[in-house]
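Only this structure's heavy atoms are used, side chains among them; waters, hydrogens and symmetry mates stay out. Throughout, a chain's letter reflects where its sequence line sits, starting with A, and its residues are numbered from 1.
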Amino acid sequence: MAKPTVSLPQGTRDFGPDTVRKRQYIFSTIRSVFELYGFQPLETPAMENLETLMGKYGEEGDKLIFKILNNGVDNKNKEQLFRDGFEKILQGKNTKDITERALRYDLTIPFARYVAMNQGQLSFPFKRYQIQPVWRADKPQRGRYREFYQCDADVVGSTSLLNEVELTILYAETFKRLGVPVEIKLNNRKILAALAEVCGGVEKMIDITVAIDKLDKIGIEKVEGELEQRGLDADQIATIRKYLQVTGSNEERIGQIKALLGSTTSGAAGISELEFILGYFDQLDRPPVAVDFTLARGLNYYTGTIFEVKALGANMGSIGGGGRYDDLTGLFGVPGIPGVGISFGVDRIYDVMDELNLFPPDVQVGSQALFFNLGDAEGRKAFSLLQHLRNAGVRAELFHENTKFDKQFKYAEKKNIPFVIIIGSKELAENNCVIKDLRTGEQKSVSLDELVNFSFL
RNA sequence: GUGGUUGUAGCUCAGUUGGUUAGAGCAUCAGAUUGUGGUUCUGAGGGUCGCCGGUUCGAACCCGGUCAUCCACCCCA
């Protein structure tokens, strides 16, 4: 057998039948909760104009955007144009002469682009969900792929904090249905801004958040070292230390942060927003939320509440994230449309569920029943019964050839088909069949008229 | 982008200081077994040792490069 030399681009994967079924289970669970909460579906193209994406994800993000080479760069008439363009690329600049399109990096920016383009037609608040792949030129590693799915739900055209409440509960409900134990972390950019304000000015905010975000990974001393490196003085670092030492229940944490930053305008605003959201949960089944003031999140368009979901008991980064943005569409010339949204990382959710063995066993069941093929006349009878069952909505198939039991059993076992239906010469004569449940080994004789009423579950 | 790990049969992995024809388990296929599988036994097929080059009388093994993988960093879902 010649060994195939074909391969896949780095960081991409094929999904076999079993994997697709398990992924579909996650997708359909998320989709049905999205629909339940009143979100409407949207799809956008895999590629966007490069300028739509550039500059929206920070300097690091720009590097991770997959760019598409223009067609026709071998056109001799334009050779000089392309040579000049290539020179610019070598200097780290982009030029439309070489590349003007790119694969989408997330679903939020394309959505903002869509809203900006269609604001006249949309009725606000507009609630949309979107389930599509995105691409990032990251170096692959655990839980990181170059092609992966995001499932986003966003509400635009409303500043109401009720949206945050709903999205939090939507997170909780979805992970409850999937059986994934999670912690939903909440913070507010205004609180981070307040911290920056009292520690050297708002322009230091990114430096500060990047450093404190690493707290649980590198420890408080290294965070302080990093802050020092980024130009903060001892007083400021002392304040941040106090900020990072906030502990206890959600209420206790808020109390401590109030003492620290409650006197600033943005600090007070952020705190009251958080309190509003948390207050709503008192009258409900409390979702697993945890206020975490070290949560920062990289995307710099967030302005208010920020979310992040961590799977409990699994070695995996965040499996979901989101936040509020005041003016995303402003980037596309349509100011004044605020929004808030969340995202599910399906590929990571899959990895967690696989690791923790959380997929229900019946997810893998394709066909519910297999008719054994035991001869020409038997096979013909089985085929007509097969069609009856299919018309009644039972997923079923007939073994493709008359062969020994051993093979037919093994086929059923391998395809995880729970029931086999045996019609041999004896059953043909008696007008009945044997139905065997392979999971329990039990079998019984059923008349052919009754077969269609049998419960294949 | 930086650093490291690994790459031998479909899968998981052995393979001595470099030495004849590269092995095992599982899986597959065939038979023992003509209508009740999963156990057991027997047998068979399946490898350019990731790829390219170098050192050597001789390379799966040493060296260089390259590709892929996994892991960590950066960043992120």
Nearest to the side chain of [X], heavy atoms from C-beta on, is which of [options]?
X: Y145(A); options: C74(B), U36(B), A77(B); value: A77(B)
X: L438(A); options: G3(B), G37(B), U69(B); value: G37(B)
X: R144(A); options: A77(B), U36(B), U69(B); value: A77(B)
X: K426(A); options: G35(B), C71(B), C75(B); value: G35(B)
X: D406(A); options: U36(B), G37(B), G35(B); value: G37(B)

Do NZ/NE/NH1/NH2 and the carboxylate oxygens of [X] and [Y] come within less than 4.0 Å?
X: K415(A); Y: E397(A); answer: yes
X: K63(A); Y: E59(A); answer: no
X: K96(A); Y: E51(A); answer: yes

May I have the distance from [X] (atom [atom1]) to [N] (atom [atom2]), rounded to whole angstrom?
X: R146(A); N: A68(B); atom1: CZ; atom2: P; value: 8 Å
X: Q141(A); N: C71(B); atom1: CD; atom2: C1'; value: 7 Å
X: N402(A); N: G35(B); atom1: CG; atom2: C1'; value: 11 Å
X: Q10(A); N: C71(B); atom1: CD; atom2: C1'; value: 14 Å
X: N432(A); N: G35(B); atom1: CG; atom2: P; value: 18 Å
X: K63(A); N: U2(B); atom1: NZ; atom2: P; value: 11 Å
X: I319(A); N: A77(B); atom1: CD1; atom2: P; value: 13 Å

If we call it a pair only when both distances are under 3.5 Å in a Watson-Crick or G-U wobble match, what pairs with C62(B)?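 Pairing partner, where one exists within any strand: G54(B).
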Euclidean distance for [atom1], [N] against [M] (whole angstrom):
N: A68(B); M: U5(B); atom1: C1'; answer: 13 Å
N: G54(B); M: G47(B); atom1: P; answer: 26 Å
N: A30(B); M: G15(B); atom1: P; answer: 34 Å
N: G43(B); M: A24(B); atom1: P; answer: 12 Å
N: U21(B); M: C62(B); atom1: C1'; answer: 24 Å
N: A60(B); M: G18(B); atom1: P; answer: 13 Å
N: A22(B); M: A9(B); atom1: C1'; answer: 11 Å
N: G10(B); M: U6(B); atom1: P; answer: 23 Å

Identify whether a stacking contact exists between F405(A) and G37(B), where the ring centres must be under 5.5 Å apart and the planes under 30° apart.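 No, F405(A) does not stack on the base of G37(B).
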Check whether any side-chain nitrogen or oxygen of K139(A) sits under 4.0 Å from OP1 or OP2 of C76(B), and answer yes or no.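 Result: no.
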Counting only side-chain nitrogens and oxygens, does K214(A) get under 4.0 Å of the OP1 or OP2 atom of C75(B)?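 Affirmative; the distance criterion is met.
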Once you measure the plane-to-plane angle for F456(A) and F419(A), does it fall in the parallel (<30°), tilted (30-60°) or perpendicular (>60°) bin?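 Because their plane-to-plane angle is over 60°, the rings of F456(A) and F419(A) count as perpendicular.
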Measure up the F307(A) and Y171(A) rings against each other and bin them: parallel (under 30°), tilted (30 to 60°), perpendicular (over 60°).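 Plane angle over 60°, so perpendicular.
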Listing time: all N or O pairs from protein to nucleotides 27-34 of chain B that are below 3.5 Å?
from: A30(B); atom 1: OP1; to: K407(A); atom 2: NZ; distance (Å): 3.4

Answer with yes or no whether E60(A) presents, from its side chain, a donor or acceptor under 3.5 Å of a partner atom in the base of G1(B).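 It does not, because no donor-acceptor pair links the side chain of E60(A) to the base of G1(B) below 3.5 Å.
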Say whether Y57(A) and D106(A), considering side chains only, have a donor N or O and an acceptor N or O under 3.5 Å apart.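 There is such a pair (donor and acceptor under 3.5 Å, judged by atom type) between the side chains of Y57(A) and D106(A).
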Step-by-step ring pair (Phe, Tyr, Trp, His ring centres under 6.0 Å) determination, Y350(A) to F148(A): CA-CA 11 Å; Y350(A) 179 96; F148(A) 62 98; over 10 Å; no
Steps toward ring pair (Phe, Tyr, Trp, His ring centres under 6.0 Å) verdict (Y129(A), F34(A)): CA-CA 7 Å; Y129(A) 73 85; F34(A) 282 169; 5.3 Å; yes
